[in-house]
Number of protein chains: 2
Amino acid sequence: MSSASPPLYEKVKLHVLKRIRSGEWRPGARVHSEHELVRELNVSRMTANRAIRELVQSGVLSRVAGSGTFVADLKSAGHPLQIRNIAAEIRDRGHAHRAVVLAQARVPVPASIRERLQPRGRELFHSLVLHHENEVPLQLEDRYVDPALAPGYLGVDLGTVTAHEYLMEVAPLERVEHVVRAIVPPARVASLLKLAAGEAALLIERTTWSRGRRASFALLYHAGTRFELRGVFDL
Amino acid sequence: MSSASPPLYEKVKLHVLKRIRSGEWRPGARVHSEHELVRELNVSRMTANRAIRELVQSGVLSRVAGSGTFVADLKSAGHPLQIRNIAAEIRDRGHAHRAVVLAQARVPVPASIRERLQPRGRELFHSLVLHHENEVPLQLEDRYVDPALAPGYLGVDLGTVTAHEYLMEVAPLERVEHVVRAIVPPARVASLLKLAAGEAALLIERTTWSRGRRASFALLYHAGTRFELRGVFDL
DNA sequence: AAGTGGTCTAGACCACTGT
DNA sequence: CAGTGGTCTAGACCACTTT
């Protein structure tokens, strides 16, 4: 029937959002119930339900079954930030990405890695790759991989395929954890990233899981003055 | 207090997820269509549709109308990270939060702030607050607020209510932008945060919009060794 | 008892894609 | 053309909260 360009549930969402954005409905205030929206906007309940459900999902509203729907209290809510694949990010900026492989070998498990990767064997695959944006070093990728989950890792041309990409091809990705910190980088890292004296680095530690086990642990060092994470929350 | 059986759409989601996690359906592979799921699992199409739609929303699948549903290629996908309210974060850890107000005044617009806040008037409200976790300084909040949007800002007890909380009460939040960077902090910041010599700082720049205008700009400095951002992505 | 959200169904029409 | 996803309806039953 009424499949106009904007879907009906979008109209319902806007109907609610307008009142929140204008300040008419403040945080904690009760929002019209699904039944009321059905009557007000002449939509079916499933349509109103979808609209409200999506607003809940995006953090704008919160619901209490049996009680009602309320404008979410964003006071203590979190805001999303995106961590992206470095190669994709550089290319999206329209710049040239080049990866230089500094090391790619089988190594005994370093003590500092053992706890974070918890591998079964005594040896790991290790790789050290320097990613450039327009020939300027941007990220140093220090990665350890469990050989049991990616036996062919040493044969991969990491200058062409990023390790993250390869691992996702080989082992189904189940879980990714990121920890972001500001550090004063070790001398070797600073030198490779061509940092100015005393320049800080943004360190992202990425652990990935596959088939119920830890598959890889990576230390991603970024030049403090040349790299930033960006996130926007709208509404 | 009876058996809360899992919703049907969750079963559909698991049905699909199991095959992805096991590697049976690899990135790019075609997923069973809604009709097929309807037949396989004896659910209505709307139920299958909801399940698939949620998996698309979470980034696991991607759809092409008229063509089909496919396992998403996570290669260049981003992973979410959360930036939280500092007071809420500290309290959630079960620790004591204390905010010390170092400054709260009307100031002429600093040159470095003008471009980022783009205020109409010639003066701004400025506040400098040091947030402690168990009496250890964790975040220095250097904030500028447009007086037009929060006229009562100077009267707020920032030791009790965080500025972010107050601003959300006064002006409906429309948009928040975050930029995260690693820096070597200025001497004054290092001293206030009681950083070790040469310690790096994690800087979060937060800009907020309200009623179509920029409402506040905040520089949030964090001790590099005592603060981290954490994010988990689960498939 | 009335209201609320949570879920589910069995249909339907549409626009689009691929053969 | 048949198949796909995108949307929408008008009912329904349930568990829960509020009055």
Side-chain angles (χ1 to χ4, degrees), chain A residues 1-17 19-20 25-73 77, chain B residues 1-17 19-20 24-74 77:
Chain A
M1 288 225 37
S2 58
S3 52
S5 309
L8 271 184
Y9 65 85
E10 286 295 347
K11 291 186 181 176
V12 178
K13 288 172 78 169
L14 285 178
H15 177 82
V16 173
L17 278 174
R19 282 162 176 76
I20 295 176
W25 291 348
R26 315 201 56 72
R30 195 203 199 90
V31 166
H32 289 179
S33 75
E34 294 187 356
H35 261 94
E36 287 170 317
L37 291 171
V38 164
R39 288 197 300 269
E40 287 168 28
L41 303 171
N42 279 302
V43 296
S44 78
R45 197 186 147 205
M46 280 305 284
T47 298
N49 179 270
R50 172 170 178 179
I52 300 299
R53 195 153 29 79
E54 290 187 2
L55 290 177
V56 169
Q57 209 282 330
S58 73
V60 176
L61 301 177
S62 73
R63 317 193 84 170
V64 182
S67 176
T69 303
F70 309 88
V71 180
D73 204 348
Chain B
M1 34 188 76
S2 51
S3 58
S5 72
L8 272 184
Y9 64 86
E10 286 295 346
K11 291 186 181 176
V12 178
K13 289 172 77 169
L14 284 178
H15 177 83
V16 173
L17 277 175
R19 282 161 177 75
I20 296 177
E24 183 183 339
W25 291 348
R26 315 201 57 71
R30 193 203 201 89
V31 166
H32 289 179
S33 74
E34 294 187 356
H35 264 94
E36 287 170 317
L37 291 171
V38 164
R39 289 196 299 269
E40 287 168 28
L41 303 172
N42 279 304
V43 297
S44 79
R45 198 187 146 204
M46 279 306 283
T47 298
N49 178 268
R50 172 170 179 179
I52 300 298
R53 194 153 28 79
E54 290 187 1
L55 290 177
V56 169
Q57 209 280 330
S58 72
V60 176
L61 301 178
S62 73
R63 316 194 84 170
V64 182
S67 176
T69 304
F70 308 88
V71 179
D73 203 349
L74 293 172

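Everything numeric in this text was worked out from a predicted model, so none of it was measured. Naming convention: chains lettered A, B, ... in sequence-line order (proteins, then strands); numbering from 1 in each chain.
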Within this structure, what is the CG-to-P distance between Leu37(B) and dC8(C), rounded to whole angstrom? 14 Å

Five-pair end axes of the helix from dA1(C)-dT18(D) to dG18(C)-dC1(D) and the angle they enclose, rounded to 10°: 0°

Rounded to the Å, how far apart are Arg45(B) CZ and dC13(C) C1'? 11 Å

In terms of the nearest nucleotide of DNA chain C, which residue is placed more toward the 5' end: Arg30(A) or Glu10(B)? Arg30(A)

Let's see if you get this right: which residues in residues 50-61 of chain B place a heavy atom under 4.0 Å from DNA chain D? none

First encountered from the 5' end of DNA chain C, between Gly66(B) and Gly68(A): Gly68(A)

Report yes if at least one side-chain N or O of Ser33(B) is closer than 4.0 Å to OP1 or OP2 of dT4(D); otherwise report no. yes

Examine dG6(C): is either OP1 or OP2 under 4.0 Å from a nitrogen or oxygen in the side chain of Arg63(A)? Give yes or no. yes

Under 4.0 Å between a side-chain N or O of Tyr9(B) and OP1 or OP2 of dC8(C)? no

Starting at atom CG of Asn42(A), determine the distance to atom P of dC8(D), rounded to an integer number of angstrom. 14 Å

Between atom CG in Leu41(B) and atom C1' in dT9(C), what is the gap in whole Å? 15 Å

Ser67(B) has its side chain closest, among dC8(D), dG18(C), dT4(D), to dG18(C)

Suppose we screen for salt bridge (Lys or Arg N to Asp or Glu O under 4.0 Å). Which residues come up paired with Arg45(A), at least two apart in sequence or across chains? Glu34(A)

Of the nucleotides dT9(C), dT9(D), dT7(D), which has the atom closest to the Asn49(B) side chain? dT7(D)

Taking atom C1' of dC8(D) as reference, at what distance in whole Å does atom CD of Glu34(A) sit? 15 Å

